[in-house]
Amino acid sequence: MKPLIRKNALLSFGSQTVSRSSKSYLTTRQNVPVDAQMIKTGFDPNICRSNSILGDFLKVGELFQARHVFDQMPHRNTVSTNTLISGYVKSGDLSGARDLFDRTVDRNTVTWTILMGGYSQFNQISEVFGLFSEMRKSGTDPDHITFVTLLSACNDPVTINQETQIHALVLKMGYQSSILLCNTLVDSYCKSHCLDSASRLFDEMVERDCVTFNAMITGYSKDGFNEKSVKLFVEMQNSGFKPSEFTFAAVVCACVGLNDLKVGQQIHGFVVKTNFVWNVFTSNALLDFYSKQDRVVDAKKLFDEMPELDGVSYNVIITGYAWNGQYKESLDLFQELQYTGFDRKQFPFATLLSIAATLLDLEMGRQVHAQVVRTSAESEVEVKNSMIDMYAKCGSLKEAKMIFGNQLNRNTVSWTAMISSYVQKGLHEEAFKLFFDMRKADVNIDQATLASILRASANLASLELGKQLHSFIIRSGFMSNVFAGSALLDMYANCGSIEDATQTFNEMPDRNIVSWNAMIAAYAQNGDGEATIRSFKEMEQSGLQPDSVTFLSILSACSHCWLVQEGLQYFDSMTRIYKLDPMRKHYACVVDILGRSGSFDKVEKVMAEMPFEPDDIMLTSVLNSCKIHGNQELAEKVADRLFNMELRDAGPYVMMSNIYSEAGNWDAAANIKKSMKDRGVKKVPAHSWVEINQKIHEFSSNDQMHPQMDEIKRKLKSLAEQMRKEGYRPDTSCALHNEEEDIKVESLMYHSERLAIAFALISKPPGSPILVMKNLRACKDCHAAIKVISKIEKREITVRDSSRPFLRTRGVRSEEMSKAKFTGLLEELFLLFMMDWKSGRNHPLSNVPKEILRGDALAPKPHVLAPNYAPTLPLRRPGFILGLLNMIFLALLLWVLDWLLEIVQVPIEEENHSN
């Protein structure tokens with residue numbers, strides 16, 4: 001009978017209820033026997049049952065009912081409180097959890113740990129460590145779970161100090177034997193990019209498991225130590241540990257970084273052997289690997305064989321096709337994806353928007369945008385950035401600005417996309433303003449940002465601003481980045497400073513195909529065919545294979561330098577030796593090479609046999625060749641094809657009008673101009689600009705608006721007399737107007753580039769180089785005139801027009817040039833000294849944020865003595881006394897160097913005219 005009596009006694013406990021409000025729920029549990037553990041541990045059965053009811057409500061998400069049960073409990077213990085705090089945390093109500101925590105008097109380690117975990121989950125790092133500090137002050141000791149919770153908040157380099165302190169406390173309290181805690185420490189060090197500490201702890205661990213190896217392999221892979229990652233994977237297999245899906249994902253990622261197809265294929269084989277190919281997480285990693293190796297066929301085969309697919313699988317294969325330029329296949333797969341039941345918010349909208357941007361398909365971009373709005377995916381930063389980029393590239397800058405303005409969480413890509421949009425539209429000053437705003441917002445700058453802003457500097461022809469950016473790149477630690485270095489090289493080349501471009505290239509610690517292409521393109525843009533070909537050969541000797549971009553630069557150089565046979569040989573080698581398929585731009589260069597040489601039969605043959613229809617760029621090139629060689633018959637045929645394309649560009653119309661004008665056929669020229677007017681095609685006015693004392697001065701032909709125009713004209717008239725003595729005679733065939741000869745001569749003298757050069761001559765120190773930019777092609781008379789002006793003034797003059805740079809080296813001894821540079825330096829410092837004395841912050845570059853040029857946002861401007869010298873100290877305006885001392889010191893330095901130059905014989909530099 002004793003067992004029966006005990007059963008009845010236990011049932012009497014079960015007949016009690018916890019609260020009247022939960023009576024209906026409790027009736028189903030009234031006859032449940034009390035657990036033996038309750039009596040064994042001395043717990044109150046009523047409290048235990050109430051806690052159980054509390055937990056059941058929380059499991060089904062009934063937080064309100066759970067709180068009601070908690071409030072009605074006559075007696076509670078720490079389990080009751082901890083259970084409800086955990087419920088608040090899991091529901092995301094941190095304020096409710098904190099309120100209950102603050103009201104709790106009897107807290108234990110678990111209580112503190114639960115709330116710390118809640119703050120960690122919502123990335124409130126300061127609250128986590130603040131709570132831990134309070135816990136220590138209250139006398140409550142943490143356990144190994146507390147440390148694991150703390151470390152879960154440490155996944156960024158800024159928390160490395162906290163991680164180190166936690167590690168020290170773990171050792172002090174003797175928890176180093178906990179494999180769970182040690183694994184979490186290794187993972188935190190890896191996520192904070194502190195691989196030295198992670199590796200040291202890994203080596204010191206007495207016991208390891210699969211998780212330990214996974215954390216370390218993933219850490220190496222994410223930080224680019226791909227070879228170490230693969231070696232550790234091999235060590236893991238030799239140690240007898242079985243890999244998991246996380247192991248394979250990490251090591252496959254390392255294979256992507258190694259760019260090693262064979263190793264990746266071996267890992268794939270091992271995945272199949274261990275029967276992990278069924279795991280969608282592992283298969284997606286392999287899918288990503290093949291896509292990034294440009295093995296789209298292999299990726300599609302794996303995709304078709306995968307036993308399970310998810311949204312990520314579709315995203316990877318769609319993006320892989322897009323990267324490979326197979327847009328139709330990418331769009332077909334997206335249509336297939338829409339019929340699946342996967343989360344539409346996770347669709348690859350960013351990839352589709354990039355396809356629309358590449359195809360310049362604004363309508364498609366807007367359709368994707370509509371889907372983004374409908375699925376609420378616009379909250380994704382990557383999607384918003386892609387929308388900005390798409391609208392900008394498709395010519396809808398207004399919509400791009402609107403999306404950027406409404407974006408709350410802007411990151412580096414957001415700012416860079418908008419800056420790049422301004423640069424593409426030619427709004428360079430706006431790009432600099434936005435760059436300054438980005439610096440004020442304390443957003444990190446990457447190599448893409450620098451490439452965009454350097455391009456703006458090059459297009460403004462602001463070499464001084466480019467040098468300030470160079471200083472900023474060095475200060476920011478980006479000089480070791482091959483893409484930032486290549487962008488800097490490109491900036492110097494576009495500003496006509498090929499010496500600085502070459503020096504930048506020579507100082508690069510690492511070079512890849514991008515940097516070599518930048519250097520080859522620099523020589524090609526500056527019309528130095530010999531240096532272009534030499535660099536091409538040097539790149540091959542370094543072990544790198546040329547790509548389509550390399551050949552585009554080579555062919556462009558051959559075109560500008562009239563290297564006909566060399567150009568044709570390189571074009572032939574593209575397919576015969578390097579197995580590269582020529583694109584439309586390569587054929588355009590070949591057509592230009594043949595056209596410039598007057599081989600019009602071959603031009604027509606190439607255009608007939610190439611796999612593309614000739615576009616307006618190619619036909620305009622042929623039209624220009626006809627103008628050079630006076631082939632009016634072919635010019636008329638080409639012009640008819642161009643005019644039938646309904647172009648908005650006035651270039652072909654102007655060129656054909658000039659052909660008729662040079663032939664004296666003024667009626668035909670007038671008809672072309674009438675046709676332009678009837679079709680609403682407007683000629684872009686020619687203008688040139690030059691930077692003087694950090695201010696941009698712009699001129700148009702026969703300009704009368706500049707405040708110093710009288711001085712400029714006097715200088716040009718003085719030069720005209722000296723040029724006549726040197727044998728120069730104006731080529732009036734370039735003055736394409738039916739006017740008197742003397743009027744034609746005067747109109748040539750006041751072309752915009754000559755006005756800019758004359759202004760620079762009266763404004764810059766004697767002997768200092770001059771850089772002028774022009775938006776259209778310079779005429780051949782100006783080419784000839786600038787040669788003579790360079791010789792008379794003993795200066796290096798660079799005029800970069802829309803076609804190519806135009807370099808003329810001065811006929812002056814090197815020691816004279818050095819003196820001129822030092823004089824220029826002294827004059828520039830004197831002007832800076834006077835500005836500092838008067839205002840301390842005056843910088844007159846028009847419409848560009850003064851803070852940028854002043855050095856508050858960038859590094860200080862390098863001296864002209866050493867273009868690549870970049871001080872690492874922030875710019876400070878000198879006071880009057882300090883400025884005066886600097887002037888005296890530099891004057892003494894100038895005197896010493898002048899004396900040294902007098903005793904050193906330096907040969908006269910030869911002229912190096914580009915064709």
Side-chain angles (χ1 to χ4, degrees), residues 155 179-180 182-205 207-303 305-317 319-320 323:
N155 53 12
I179 190 168
L180 172 64
C182 287
N183 286 346
T184 309
L185 261 172
V186 169
D187 186 57
S188 294
Y189 277 133
C190 288
K191 287 177 178 176
S192 300
H193 306 290
C194 192
L195 289 181
D196 289 341
S197 299
S199 179
R200 195 180 310 116
L201 177 59
F202 178 85
D203 294 337
E204 292 172 356
M205 287 176 66
E207 184 183 358
R208 301 172 190 158
D209 61 8
C210 179
V211 177
T212 321
F213 278 95
N214 285 353
M216 204 66 231
I217 291 169
T218 304
Y220 280 136
S221 176
K222 286 186 175 179
D223 268 33
F225 295 95
N226 302 301
E227 193 172 336
K228 287 186 176 182
S229 184
V230 174
K231 285 182 178 178
L232 193 59
F233 173 73
V234 174
E235 183 184 331
M236 179 183 180
Q237 305 314 304
N238 295 335
S239 301
F241 293 106
K242 292 183 178 180
S244 66
E245 62 267 30
F246 303 107
T247 319
F248 284 122
V251 77
V252 168
C253 181
C255 293
V256 172
L258 285 171
N259 197 27
D260 195 324
L261 179 63
K262 289 185 178 179
V263 174
Q265 289 173 330
Q266 289 176 10
I267 299 295
H268 188 177
F270 192 37
V271 167
V272 175
K273 184 179 178 181
T274 52
N275 202 28
F276 267 96
V277 74
W278 59 265
N279 183 277
V280 69
F281 185 72
T282 305
S283 294
N284 285 343
L286 285 167
L287 205 59
D288 184 59
F289 166 74
Y290 284 119
S291 296
K292 289 177 179 175
Q293 290 291 318
D294 293 330
R295 307 279 293 203
V296 185
V297 175
D298 292 336
K300 186 62 167 63
K301 183 181 177 183
L302 173 63
F303 179 83
E305 293 174 353
M306 285 171 63
E308 181 186 355
L309 297 170
D310 61 6
V312 176
S313 314
Y314 275 96
N315 286 4
V316 171
I317 193 68
T319 304
W323 282 344

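For reference, positions follow the sequence shown, starting with 1.
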> Does the pair Gln293 and Gln265 meet the rule for a side chain to side chain contact (heavy atoms under 4.5 Å, CB included), with working shown?
Replying inline: CA-CA 11 Å; Gln293 290 291 318; Gln265 289 173 330; over 6 Å; no
>> Under the rule for side chain to side chain contact (heavy atoms under 4.5 Å, CB included), what residues qualify as partners of Phe246, not counting sequence neighbours?
In response: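 Phe246 satisfies side chain to side chain contact (heavy atoms under 4.5 Å, CB included) with Asn214, Ser244, Phe281 once adjacent residues are dropped.
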Just wondering, do [Y] and [X] contact through their side chains at under 4.5 Å, heavy atoms?
X      : Y      : result
Asn226 : Cys255 : no
Glu235 : Lys231 : no
Cys210 : Met236 : yes
Ser313 : Leu287 : yes
Met216 : Tyr220 : yes
Tyr290 : Leu302 : yes
Val316 : Val312 : yes
Asp203 : Ser199 : yes

Between [X] and [Y], which heavy-atom pair has the shortest distance, and what is it?
X      : Y      : answer
Phe276 : Glu245 : CE2-N, 3.7 Å
Ile267 : Val252 : CG2-CG2, 3.7 Å
Ser221 : Ser229 : CB-OG, 3.8 Å
Ala198 : Val186 : CB-O, 3.9 Å
Lys300 : Ile317 : N-CD1, 3.8 Å
Met306 : Ser283 : CE-CB, 3.5 Å

Measuring from atom [atom1] of [X] to atom [atom2] of [Y], what distance do you get when rounded to the nearest 0.5 angstrom?
X      : Y      : atom1 : atom2 : answer
His193 : Lys222 : NE2   : NZ    : 8.5 Å
Asp310 : Asn284 : CG    : CG    : 4.5 Å
Gln266 : Leu261 : CD    : CG    : 10.0 Å
Glu207 : Thr212 : CD    : OG1   : 8.0 Å

Main-chain N/O of [Y] paired with [X] side-chain donor or acceptor, under 3.5 Å:
X      : Y      : answer
Ser192 : Tyr189 : no
Thr218 : Ala215 : no
Asp223 : Phe225 : no
Asp187 : Asn183 : no

>> Determine whether Leu309 and Val280 satisfy the following criterion, side chain to side chain contact (heavy atoms under 4.5 Å, CB included), listing intermediate values before the conclusion.
In response: CA-CA 6 Å; Leu309 297 170; Val280 69; 5.8 Å; no
> Is the charged tip of Arg208 near the ring of Phe202: under 6.0 Å from the six-membered ring centre and within 45° of its axis?
Replying inline: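 Arg208 over Phe202 ring: yes.
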> Heavy-atom count around Glu227 CD within 6.0 Å, excluding the residue itself: above 12?
Replying inline: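 Incorrect, the count does not exceed 12.
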> Does the pair Arg200/Asp196 count as a salt bridge with the N-to-O cut at 4.0 Å?
Replying inline: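 So Arg200 does not pair with Asp196 through a salt bridge.
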> Do Ser291 and Asp288 have side-chain atoms, one donor and one acceptor, less than 3.5 Å apart?
Replying inline: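 Short answer, no.
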>> Are Tyr314 and Phe303 an aromatic pair, judged by ring center distance below 6.0 Å?
In response: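 Centroid distance Phe303-Tyr314: below 6.0 Å, so yes.
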> Quick one: are the ring centres of His268 and Phe289 less than 6.0 Å apart?
Replying inline: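 Centroid separation for His268 and Phe289: 6.0 Å or greater.
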> Going through the checks in order, is the ring pair (Phe, Tyr, Trp, His ring centres under 6.0 Å) test met by Phe233 and Phe213?
Replying inline: CA-CA 8 Å; Phe233 173 73; Phe213 278 95; 9.9 Å; no
